[in-house]
Amino acid sequence: MVSIRVKDDGAAPIVEKGREAPFKQGEFYVFDVKDEVMRYWIKLPPGRREELGKQSRKENKDLRLILEGFVFKPAKTK
C-alpha cells in the first residue's frame, strides 16, 4: 500500500465503511491506496484532482472508490 495526499478544503473526507480513515498531515489528508491508483493520481493535473474531491462529496462516495473506478474499469468488448 502507498499513500496519496489530498488537499484539505475544510470539509471532512467521506470514508466508506470498512476502509481505513485518512489522517491529517499539515494541509493535506493522506489516504492509503493501491500502487496502480497512486500512479494514476500522480499523472492527474492538479485541477482534475480538486474536481475529483468535489465529485466525492457531491456523490457522497469515498474518493478511493471513484479513483478505483477509473483505474480498474473493465475492458470493453463487442
Side-chain angles (χ1 to χ4, degrees):
M1 284 275 185
V2 292
S3 301
I4 60 172
R5 294 168 28 140
V6 179
K7 192 163 183 132
D8 178 21
D9 62 353
I14 297 167
V15 180
E16 180 188 357
K17 187 176 181 179
R19 293 217 183 200
E20 188 174 323
F23 62 90
K24 182 94 167 163
Q25 184 181 32
E27 61 180 27
F28 296 96
Y29 279 106
V30 180
F31 290 85
D32 288 330
V33 295
K34 295 180 181 177
D35 291 343
E36 296 89 351
V37 176
M38 184 265 312
R39 284 189 211 107
Y40 178 78
W41 182 257
I42 289 174
K43 292 178 184 178
L44 289 175
R48 179 68 176 135
R49 292 179 189 174
E50 289 180 24
E51 287 177 22
L52 287 172
K54 290 177 185 175
Q55 178 182 348
S56 169
R57 280 187 283 322
K58 184 178 177 184
E59 295 179 6
N60 203 21
K61 289 175 75 175
D62 193 326
L63 177 65
R64 293 169 283 197
L65 283 178
I66 294 172
L67 289 171
E68 288 171 358
F70 288 113
V71 176
F72 301 117
K73 61 184 169 188
K76 294 182 180 178
T77 58
K78 287 189 176 183

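A donor-acceptor pair under 3.5 Å is absent between the side-chain atoms of Ser3 and the main chain of Asp32, judged by distance alone.
Applying the salt bridge (charged side-chain N to carboxylate O under 4.0 Å, His left out) test to Glu16 and every residue at least two apart in sequence or in another chain returns Arg19. Under the rule for a side chain to side chain contact (heavy atoms under 4.5 Å, CB included), the partners of Asn60 that lie at least two apart in sequence or sit in another chain are Ile14. Partners of Lys7 under the salt bridge (charged side-chain N to carboxylate O under 4.0 Å, His left out) rule, at least two apart in sequence or in another chain, are Glu27. By the side-chain hydrogen bond (donor to acceptor under 3.5 Å, both in side chains) test, Gln55 is found to be paired with Glu59, residues two or more places apart in sequence or in another chain being considered. When the salt bridge (charged side-chain N to carboxylate O under 4.0 Å, His left out) test is applied to Glu36, no partner is found at least two apart in sequence or on another chain. Asp8 is linked by a salt bridge (charged side-chain N to carboxylate O under 4.0 Å, His left out) to Lys24, counting only residues two or more places apart in sequence or in another chain.
By the 4.5 Å side-chain criterion applied to Ile, Leu, Val, Met, Phe, Trp and Tyr, Val2 is assigned to a cluster that also includes Ile4, Val6, Tyr29, Phe31, Val33, Val37, Met38, Tyr40, Trp41, Ile42, Leu44, Leu52, Leu63, Ile66, Leu67, Phe70, Val71, Phe72. Here Val15 is tied to no hydrophobic group at all, with no ILVMFWY side chain closer than 4.5 Å.
Annotation: salt bridge (Lys or Arg N to Asp or Glu O under 4.0 Å) contacts involving residues 40-53, sequence neighbours excluded, comprise Arg48-Glu51.
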